[in-house]
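Heads up: the structure comes next, in structure tokens.
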Amino acid sequence: MLKRLIVGIALCWLAVVPAANAALKLVITEGVDSARPIGIVPFQWTGAGKLPEDLSEVIASDLTRSGKFSPVPTAKMPQTPYDESQVDFDSWTAMGVDAVVTGKISQDEAGNYVISYQLIDIVRGQLTQGQAKGLQDGQLVLTKDHVLLNNRSTVKPNQLRRAAHRISDLVYEKLTGEKGDFLTRIAYVVIDDKSSHPYQLRIADYDGYNERLVIRSKQPLMSPAWSPDGRKLAYVSFENRQAQIFIMDIYTGTRELISSFPRHNGSPRFSPDGKKLAMVSSKTGSLQVYIYDFATKQFRQVTSGRANNTEPFWDPDGKSLIITSDRGGNPQIYRVNLDDGSTRRITWQGSQNLGGQLTPDGRFLVMVNRSNSGYNIAKQDLKTGAVQILTKTLLDESPSIAPNGSMVIYSAIYGKRNVLSLVSIDGRFKARLPATNGRVRAPAWSPSY
């Protein structure tokens, strides 16, 4: 897995255009029963005709995909209030629901949508109902501290779905204390053997919507990686019969050749500040890690020796790299200090560990762990060294962590095909995102945008 032979390629790259017939459809497989019940009341629509996007459905889907919430089906709701003043706290409490989201949508004269919504703490509202008071203009009034969010926004018609994801982010953060990642995207490679250009690099919203084709090719594409601003993708292609690393602006379609050393160039990864690119090259024989500086356009060699060193991933502080190396015989994961070059092995459990990535807080290492059960996604606590196997699917590879560290997307085998799968960082929630055609590999989760 450290060396992958890539054969000739005739690259055809495009500006970002719609892609067809491969939309990702999430299928939840585990974790709903342990999630927290929440009420997402259908928003009241006061305009003419039909609302083009069901915001409450998008919000409910987002919170379900987080693995932490289980929205109550509309048919089972005790009521459908559109304002906190209409909420029957006792009825919701009897269902075990401690938070409700509700709202209203109207349309202004310019055709924009005006969205008003509230997040209501049911438990606090029940306890303080008719009791909590405060001073306002010298008068005692009932407080509204059980209303956790009470917001209003105006959006254009083509931004309703984005507005729903934004509401999901705010609700998630208010209830968990963590930032939401519903305004993110994923990049991935689709292999469609029936297409004239079977290898396709695509991007989509994190939930599979708004899929776009970025690049298509008659031969393999590999290793997409996002820039910190979410505007560019680094990827591995093959021109002039050799692996090369390019960076493409996904909005303009312009690209730049970064690395074209003899033999292999691969595993590009932007630094946290976006000023450098870690990568792998075999120009000296074995695979070694290099860092490319965008300002000076110079390469710095980070590793050396006969061992193969690959799959670099930046520490969130930018001061070290996590790499995969076979210097001890089998592939294991090491940390390289970029100041002095010192290297320390950090994985010991399992015959092999590859593709290591750090969670944004630097607490956990997520990796592909090989044991008697095969290749699976695992998590290691870097303080205690404890390892937890997160998945039990077949031939798991290419893990990518959500910006808030709560979820991992990866490629696995299901039904004899490569599909994308999700697992929560605690291993409780699992889901698949199979495409309607083609095999899907090499996912990369974008930063929030």
Side-chain angles (χ1 to χ4, degrees), residues 24-40 56-73 76 95-101 119 148 164-186 188 204-209 357-361 363-368 376-381 386-393 396 398-412 414 419-434 440 443-448:
L24 304 175
K25 303 295 183 182
L26 184 134
V27 178
I28 297 173
T29 56
E30 292 183 36
V32 175
D33 293 342
S34 61
R36 174 181 176 183
I38 188 173
I40 312 295
S56 58
E57 181 179 336
V58 175
I59 296 167
S61 296
D62 284 342
L63 296 179
T64 300
R65 291 185 180 99
S66 75
K68 296 187 177 181
F69 297 95
S70 179
V72 176
K76 294 185 178 181
M95 294 188 67
V97 174
D98 58 15
V100 167
V101 179
L119 171 62
L148 305 181
H165 289 318
R166 174 59 178 162
I167 295 171
S168 300
D169 276 343
L170 294 174
V171 169
Y172 181 90
E173 183 172 4
K174 184 63 69 172
L175 295 179
T176 67
E178 303 172 355
K179 288 189 175 182
D181 277 338
F182 307 113
L183 281 174
T184 56
R185 292 171 288 187
I186 51 175
Y188 47 95
D205 292 348
Y206 94 100
D207 57 1
Y209 283 79
Q357 297 190 16
L358 296 176
T359 53
D361 60 6
R363 178 182 175 185
F364 297 111
L365 172 72
V366 174
M367 59 200 170
V368 178
N376 297 113
I377 305 301
K379 174 188 72 177
Q380 178 173 319
D381 187 313
V387 174
Q388 177 187 359
I389 305 299
L390 300 177
T391 66
K392 298 179 181 178
T393 37
D396 303 336
S398 306
S400 182
I401 305 171
N404 68 0
S406 66
M407 302 288 292
V408 180
I409 192 169
Y410 62 99
S411 175
Y414 178 78
V419 301
L420 299 188
S421 295
L422 287 170
V423 61
S424 58
I425 198 68
D426 60 11
R428 293 187 300 175
F429 177 83
K430 297 179 176 66
R432 291 191 303 273
L433 292 90
V440 192
W445 210 314
S446 82
S448 298

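Worth saying up front: this structure is predicted, and the values here are computed from it rather than measured.
Under the 3.5 Å distance criterion, the side-chain polar atoms of Ser398 are left unmatched by any main-chain donor or acceptor of Ser411. Here the side chain of Asp205 pairs no donor or acceptor atom with the backbone of Asp207 at under 3.5 angstrom. The closest donor-acceptor contact from the side chain of Asp169 to the backbone of Asp181 lies under 3.5 Å. Between the side chain of Lys430 and the main chain of Thr391, no donor-acceptor pair closer than 3.5 Å is present.
One finds the CG atom of Leu63 at 5.0 Å from the CD1 atom of Ile40 (value rounded to the nearest 0.5 Å). Between Lys179 atom NZ and Ser406 atom OG the span is 13.5 Å, to the nearest 0.5 Å. How far CD of Glu173 is from CG of Asn404: 10.0 Å, rounded to the nearest 0.5 Å. The distance from atom OG1 of Thr184 to atom CD1 of Ile409, rounded to the nearest 0.5 Å, is 9.0 Å. Taken to the nearest 0.5 Å, the CG atom of Leu175 stands 6.5 Å off from the CG atom of Leu148.
Contact between Pro403 and Ser446 at its shortest, heavy atoms only, is CG-O, 3.1 Å. Heavy-atom minimum distance, Ser400 versus Pro443: CB-O, 3.6 Å. In terms of heavy atoms, Val97 sits closest to Gly39 at CG1-N, 3.7 Å.
By the 4.5 Å heavy-atom criterion applied to side chains, Leu183 and Ser448 are not counted as neighbours. The shortest side-chain heavy-atom distance between Ile425 and Val366 falls under the 4.5 Å cut-off. Two residues are said to be in side-chain contact when any heavy atoms from C-beta on lie closer than 4.5 Å; Val368 and Ile377 meet this criterion.
When each of Thr359, Ile401, Leu358, Val408 is tested with Phe364 by the rule side chain to side chain contact (heavy atoms under 4.5 Å, CB included), just one qualifies, namely Thr359.
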Review point. Where do Asp396 and Asn376 land on the side-chain contact (heavy atoms from CB on, under 4.5 Å) test, with the steps shown first?
Key: CA-CA 5 Å; Asp396 303 336; Asn376 297 113; 3.2 Å; yes
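Remark: Phe182 engages Tyr172, Tyr206 in a ring pair (Phe, Tyr, Trp, His ring centres under 6.0 Å) (not counting sequence neighbours).
Around the CZ atom of Arg185, the shell of radius 6.0 Å holds more than 12 heavy atoms that belong to other residues, nucleotides or ligands.
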